[in-house]
Amino acid sequence: MISIRDLHKVYRGRGRAVTALDGVSLDVAEGEIYGVLGRSGAGKSTLLRSVNLLERPDSGTVTVGGVELTALPERRLRRERQRIGMIHQHFALLSSRTVAGNVAFPLEVTGVPRAARAARVAELLELVGLEGRAGAYPAQLSGGQKQRVGIARALAGDPKVLLSDEATSALDPETTHSILGLLADLNKRLGLTILLITHEMDVVKRICHSAAIMRDGRFTESGRIAEVLARP
Ligand code: ADP
Ligand code: ADP
């Protein structure tokens, strides 16, 4: 579902050059939960943002669902990007909009008619266990509820792939548990392919089928979870 070949990325600025990606290749099978584990600065975020080309790699290819995104012009890319959902550490919700308004936002952008939008929003809120909270504002929600809104919004366009950028790092252990449970459930029920980045081994252990360990812009280990965790 996701195929990445030999990605390189160097950030240049004020004389200093930082190598964020130093030849990363990755294959995530359809229906798989794949975790990339590493310390701060390892290059995880740059890698994740390369999958939907929010970040442009200097070289290498990114293919999602059989479409080589790195070969597309910007206009086509915007369309393909809507097929890839993303969730964030700090949720990235619009504070002036209700829960329903946040979830509806991507549907408005893509021109889904009002009635279809309302039906889809209700369906999504039920999917993430937030039925009854449609009219609340983000400030009235717990962290776990905010992330549920983030997940509902990410799934609005019925993507095949979900990218998770440290989605539980701002949450307490109990809430982390329930959000990871939701992601595992969505993976099973929808066949959703999930690529997540995290600095927490427990996250990888709990829900990932496969994993890679990232350090200095490279994978030092990768494979099925049992193999990766078994290595010293
Ligand atoms: P991680 O997500 O694992 O913390 P990042 O991908 O954010 O790693 O960063 C990898 C490296 O690239 C780090 O050294 C970071 O400081 C650097 N970096 C990230 N984004 C930028 C940027 N926009 N400009 C310059 N350097 C950056
Ligand atoms: P905002 O004021 O933040 O834009 P709206 O109340 O206009 O939010 O709602 C945005 C979208 O959510 C609309 O498509 C609307 O039909 C839908 N919506 C609003 N309230 C509900 C609800 N209780 N259940 C399901 N969908 C709703």
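In each ligand, atom 1 is the first atom listed, and ligand 1 is the first ligand listed. What you see is a predicted model; the values in this text were computed from it and never measured. Along the sequence shown, the residues carry numbers beginning at 1.
Residues forming a side-chain hydrogen bond (donor to acceptor under 3.5 Å, both in side chains) with Asp185 (at least two apart in sequence, or on another chain): Arg189.
Counting heavy atoms from C-beta on, the side chains of Lys146 and Leu93 come closer than 4.5 Å.
Side chain to side chain, Tyr11 and Thr46 meet the donor-acceptor criterion of an N or O pair below 3.5 Å. The closest side-chain donor-acceptor pair between Ser25 and Asp6, if any, does not fall under 3.5 angstrom.
Few gaps surround CG on Asp172; more than 12 heavy atoms of other groups in view lie less than 6.0 Å from it.
Considering Thr70, Asp27, Thr63, Thr61 in turn, Asp27 is the only one that fulfils the side-chain hydrogen bond (donor to acceptor under 3.5 Å, both in side chains) rule with Arg5.
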Just list the N/O pairs, ligand 1 to protein, that are under 3.5 Å apart, with the distance for each.
residue  : atom  : partner : partner atom : Å
ligand 1 : 2 (O) : Ser45   : N            : 2.7
ligand 1 : 3 (O) : Ala42   : N            : 3.1
ligand 1 : 3 (O) : Gly43   : N            : 3.0
ligand 1 : 3 (O) : Lys44   : N            : 2.9
ligand 1 : 3 (O) : Lys44   : NZ           : 2.8
ligand 1 : 4 (O) : Gly41   : N            : 2.7
ligand 1 : 6 (O) : Thr46   : N            : 2.9
ligand 1 : 6 (O) : Thr46   : OG1          : 2.6
ligand 1 : 8 (O) : Gly43   : N            : 3.0

